[in-house]
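Chain A is the first sequence line, chain B the second, and so forth, proteins listed ahead of strands; every chain is numbered from 1.
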2 protein chains.
Amino acid sequence: MTAERAYHHGDLRRAVLTAALDVIAAEGPAALSLRDLARRAGVSHAAPAHHFGDRAGLLTAVAAEGHALLSDALGESEDLRDLGVRYVRFAREHPAHFQVMFRPELLRMDDSGLLAARERTGDLLRRAVADHGDDPALGFMAAWSMAHGFATLLLSHNLDGLLEGREPEEVFRALAQEMPRLAGD
Amino acid sequence: MTAERAYHHGDLRRAVLTAALDVIAAEGPAALSLRDLARRAGVSHAAPAHHFGDRAGLLTAVAAEGHALLSDALGESEDLRDLGVRYVRFAREHPAHFQVMFRPELLRMDDSGLLAARERTGDLLRRAVADHGDDPALGFMAAWSMAHGFATLLLSHNLDGLLEGREPEEVFRALAQEMPRLAGD
DNA sequence: CTAGTATCTTGTCAATGCCTAGATTGCGCT
DNA sequence: AGCGCAATCTAGGCATTGACAAGATACTAG
């Protein structure tokens, strides 16, 4: 939109990134082809490589952006249930980012941008659960497993038959409420 | 081992499947190449296709086998925590199967063998949580999210820094114990 | 306006998935 | 025992892809 035909394309980096998000959201990261993205952006087949290096570089950029978006989405809430709901909402609103962020085999884990973005969300989550329970690490893993598992199963359509039309975020809230009763049995 | 040089290879199907599990466990499903598997088995590049049709067919076979193994691993326990621990143990012992089983975009979801195997584990899990809590579906999703999230984060090395050498299964058990305290806050 | 840099294009190569046709092996049937 | 048939595997080919190298074009600092 900023420059439909600016030669040098105006903002190829953004265009490729956006196209990549579309593809990943629709068909998963495995279906992503640099040449296809180049075609969508109307540039030559090797143009994307200049911005991202290679496939892993592109996915790393997606993951880093994802961590930044997740930090913003989580905010500074103290309530664990709210945090979980926001985590799930993030996964729904940015499915492509979410599907890539936690898959080291797809990423350049030594990338400085990725590491910085990851550190920020990590800090944020750790701080949020720090004062819950005896063992902060346990609490952290419990809350994260819960939210991450729900989000993962949701995006991979493994909960489709169980939601029965209810809003996922609300189901997750109810489910976090139900948890103590289950565990207490 | 059954037939090292049996022409027609003896059991190519099993050999390819096993090689595929190695590759997936080491580098993920994305790194899987039919031609590479053929080389490992010492057969021509197109031989695997005869047994699995194509890449998706091979992954579908892996997923179906995974569901069968999971059914066996879960057993008939009534205790939700035990069930969760077994789910996590299964993920650790069969990481390649686990990484493929819940990814519809990699599979032929209309494959009859896969559907049957899936149905069996589904029934088993549903039965196990049926009598816990008001809403069985909620309880099902809660327990599954917890175990699946933990297993997923574990296999993707996202918990490496938090386990501090402890056995994952034991951490999960403690974590399930911690849950009510977290939720109750 | 010029030099230098970022951006993009073109061409190439090896590897892969998938398809087709053909060869080899093993098995059932008479 | 031998014939035919089906399963299994081989060989070759094609389109697509990721990665690399060399060169062209547009922007920008001085």
Self-check item: Side-chain heavy atoms of B/Thr60 within contact of B/Phe52, under 4.5 Å
Solution: no
Quiz prompt | Short N-O contact, A/Arg120 and A/Asp72, less than 4.0 angstrom | solution = yes
Exercise. Answer yes or no: is there a side-chain heavy-atom contact under 4.5 Å between A/Leu159 and A/Phe150?
Key: yes
Self-check item: Side-chain heavy-atom pair B/Leu153, A/Met141 within 4.5 angstrom cut-off
Solution: no
Exercise. Indicate, with yes or no, if A/Leu155 and A/Val23 share a hydrophobic cluster defined by side-chain heavy-atom contacts under 4.5 Å among Ile, Leu, Val, Met, Phe, Trp and Tyr.
Key: no
Practice problem: Take the C1' atoms of the five end pairs on each side of the helix from C/dC1-D/dG30 to C/dT30-D/dA1, derive the two axes, and give their angle rounded to 10 degrees. | Solution: 20°
Quiz item: Sequence neighbours excluded, which residues qualify as ring pair (Phe, Tyr, Trp, His ring centres under 6.0 Å) partners of B/His67?
Solution: B/Phe102
Self-check item: Integer-rounded Å distance: D/dC9 C1' and B/Phe52 CZ
Solution: 14 Å
Quiz item: Can you find a heavy atom in the side chain of B/Leu58 that is under 4.5 Å from one in the side chain of B/Leu17?
Solution: yes
Quiz item: Does D/dA7 have OP1 or OP2 sitting under 4.0 Å from an N or O in the side chain of B/His51?
Solution: no
Self-check item: B/S/- contact track for nucleotides 14-22 of chain D, protein heavy atom under 4.0 Å
Solution: ---BBBB--
Practice problem: Check the pair A/Glu65 / A/Arg14 against salt bridge (charged side-chain N to carboxylate O under 4.0 Å, His left out), numbers first and verdict last. | Solution: CA-CA 11 Å; A/Glu65 186 176 81; A/Arg14 188 66 251 169; 2.5 Å; yes
Quiz item: Roughly how many Å is it from CG in B/Leu37 to P in C/dT16, rounded to a whole number?
Solution: 10 Å
Might you list the N or O atoms of the protein lying below 3.5 Å from N or O atoms in nucleotides 3-6 of chain C, with each pair's distance?
none

Quiz item: Can you name the residues that form a ring pair (Phe, Tyr, Trp, His ring centres under 6.0 Å) with B/Phe90, not counting sequence neighbours?
Solution: B/His94
Quiz item: How about A/Asp79 and A/Ser77: does a side-chain donor come under 3.5 Å of a side-chain acceptor?
Solution: no
Exercise. Spell out, yes or no, whether A/Val88 and B/Phe140 are grouped together once hydrophobic residues are joined by side-chain heavy atoms under 4.5 Å, including indirect joins.
Key: yes
Self-check item: Within residues 20-29 of chain A, residues whose heavy atoms come under 4.0 Å of DNA chain C
Solution: none
Quiz item: Does A/Asp111 come within less than 4.0 Å of A/Arg118, counting only side-chain N to carboxylate O?
Solution: no
Self-check item: A/Arg40 and A/Asp36 ion-paired at < 4.0 Å
Solution: yes
